[in-house]
Amino acid sequence: MARQIQHPGHPGRGKFKIYIGMSAGVGKSYRMLQEAHAMLRNGVNIQIGYIETHGRKETEALVAGLPIIPRRQTFYKGKLLDEMDLNAILLLSPEWVVVDELAHSNIAGSRNEKRWQDVLELLQAGINVISAVNIQHMESINSQVKVITGVDVHERVPDSMLQIADEVVNIDLTADELITRLKEGKIYDKGKVETALTNFFQSEKILQLRELALKEVASQVERKVVTEVPRNRQMRHERFLACISSNEEVAKKVIRKTARLAAYYHGDWYVLYVQTPKESTGRINLAVQRHLINNLKLATELGAEVIQVQHSNVAEAIMDIAKEKDITTVCIGKPHISLFGILLRTNIFNQLLKTLSAHETDLVILS
């Protein structure tokens, strides 16, 4: 049954907190239980709606002393299975409830097909929820996960569940730490360790999944800043504008160095070519035009958004684009012009500096 996902911030809606990790065993359930104990000590009515310990002793030890809502038992294909009792949680209506395994598929015939749909009902009923999910279960990156791990993950959660969350917290470990936990038997039974090491738990795969998890949480934090922090108090995200001419070698250097800057600062970046009347299609040398096309192609391959404009005044064109794209840093090549040329252009250059300064935009001259 499809359900419309609305933001929990609506009046009467419960708050929603998600712990996300790169894989099983990073400590999401452990962290949720720690938080539950802290809330309980502070007199908060928090109960365990569903927790999956996977037989991990450290996690099981934390369950003790927490109020647990009994699971409902049901027969499915001849087996007696435990499921979260949604009706019981709604009836008891605790202030907070821990619901593990957000991507879980409920037994056929359940009220909802997926556990994330159960969570939506709880939020709509005004119950605050703490949940957890692994990054590989997010819908939009399913294809990326398959490329990384070779596994097609069938239990998936719509990205909108992260978007409606009040808080998304990443539980992070290095690849070495996670593999050490696996070898110590803290994730799976000893009999499953060797198989896990040769399949999913390889450093290269873990590192890529870790990157996905970090990027996802960073994206959620950025979205929260945009919606909740007044614009005049927000930090500006780095946005670079590489300004190139038809000079092949200088343009190539500017593109590559700006690409590295953008990668270092995790910023968006653009490449701007201003076509002046003297370089119009009918006047530009064919060899120069070919090199220009190759450089613009290089910029695209390196992740830039290419912008081409026609303008008689290069400085004015740069200023216009810098303002339109909210650029934080303009990157240009070292000018290959005579002293007389520099003097002639002083007013234009000063105008460019003044305009960029007014918008708190840096100018970097790349050698």
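From a predicted model like this one, the values you see are computed outputs, not experimental measurements.
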Minimum heavy-atom separation for [X] to [Y], with atom names?
X	Y	result
Gly27	Ile171	C-CG2, 4.1 Å
His137	Glu155	ND1-O, 2.7 Å
His37	Leu62	NE2-O, 2.5 Å
Ile46	Ala36	CG2-O, 3.6 Å
Ser246	Tyr273	N-CE1, 4.1 Å
Pro277	Ser312	CD-CA, 3.8 Å

Answer yes or no: is there a donor N or O on one side and an acceptor on the other, between the side chain of [X] and the main chain of [Y], under 3.5 Å?
X	Y	result
Asn170	Val217	no
Asp166	Lys17	no
Arg31	Tyr19	no
Gln144	Ile141	no
Lys205	Asn199	yes
Ser131	Val99	yes
Glu83	Ile107	yes
Asn45	Pro94	no
Thr361	Ile327	yes
Thr198	Glu194	yes

Side chain to side chain donor-acceptor pair (under 3.5 Å) between Ser105 and Lys114, intermediate numbers included: CA-CA 5 Å; Ser105 295; Lys114 301 286 186 177; 2.7 Å; yes
Pair Glu238-Trp269, side chain to side chain contact (heavy atoms under 4.5 Å, CB included): steps then yes or no: CA-CA 8 Å; Glu238 295 295 333; Trp269 69 294; over 6 Å; no
Under a 4.5 Å cut-off applied to non-hydrogen side-chain atoms, are [X] and [Y] in contact?
X	Y	answer
Ile130	Met39	yes
Met32	Asp100	yes
Ile164	Leu123	yes
Lys325	Glu305	yes
Ile179	Ile206	yes
Arg256	Leu298	yes
Leu66	Ile51	no
Arg210	Thr174	yes

Go through the steps for Lys28 and Asn134 under the test side chain to side chain donor-acceptor pair (under 3.5 Å), then give the verdict. CA-CA 9 Å; Lys28 299 181 301 299; Asn134 289 327; 2.5 Å; yes
Cation-aromatic face contact Arg71/Tyr50, 6.0 Å, 45 degrees: yes
Tell me, please, whether Tyr30 has Arg56 positioned over its six-membered ring: NZ or CZ under 6.0 Å from the ring centre and within 45 degrees of its axis? no
If you round to the nearest 0.5 Å, how far is [atom2] of [Y] from [atom1] of [X]?
X	Y	atom1	atom2	value
Met22	Gln136	CE	CD	10.5 Å
Phe200	Ile148	CZ	CD1	9.0 Å
Trp96	Leu40	CH2	CG	14.5 Å
Gln275	Gln308	CD	CD	7.5 Å
Leu261	Lys257	CG	NZ	9.5 Å
Lys190	Leu182	NZ	CG	9.0 Å

Taking [X] first and then [Y], would you say they form a salt bridge - that is, a charged N and a carboxylate O separated by under 4.0 Å?
X	Y	result
Lys253	Glu249	no
Glu248	Arg290	no
Lys186	Glu184	yes

Do you see a donor-acceptor pair shorter than 3.5 Å between the side chains of Gln220 and Glu216? yes
Is there a donor-acceptor contact under 3.5 Å linking the side chains of Ser110 and Arg72? yes
Heavy-atom count around [X] [atom1] within 6.0 Å, excluding the residue itself: above 12?
X	atom1	value
Leu286	CG	no
Lys183	NZ	no
Tyr265	OH	no

Quick check: is [Y] connected to [X] through a chain of hydrophobic side chains (ILVMFWY, heavy atoms under 4.5 Å apart)?
X	Y	answer
Leu214	Val168	no
Leu173	Leu207	no
Leu86	Tyr76	no
Leu81	Ile69	no

Which residue in the set Val254, Ile332, Val274, Thr258 passes side chain to side chain contact (heavy atoms under 4.5 Å, CB included) when paired with Ile244? Val254
Let's go through Met161 and Leu120 carefully: what are the C-alpha distance in whole Å and the side-chain angles of both, what is the deciding distance for side chain to side chain contact (heavy atoms under 4.5 Å, CB included) to 0.1 Å, and is it a yes or a no? CA-CA 9 Å; Met161 289 300 288; Leu120 284 180; 3.9 Å; yes
Can Ser160 and Gln163 be said to form a side chain to side chain contact (heavy atoms under 4.5 Å, CB included), step by step? CA-CA 5 Å; Ser160 47; Gln163 292 163 13; 4.2 Å; yes
Run the side chain to side chain contact (heavy atoms under 4.5 Å, CB included) test on Leu90 and Leu122 for me, step by step, so that the C-alpha distance in whole Å, both residues' side-chain angles and the decisive distance to 0.1 Å come before the verdict. CA-CA 7 Å; Leu90 290 168; Leu122 295 172; 3.8 Å; yes
Passing candidate, side chain to side chain donor-acceptor pair (under 3.5 Å) with Arg111, options Asn87, Asn106, Asp118: Asn87
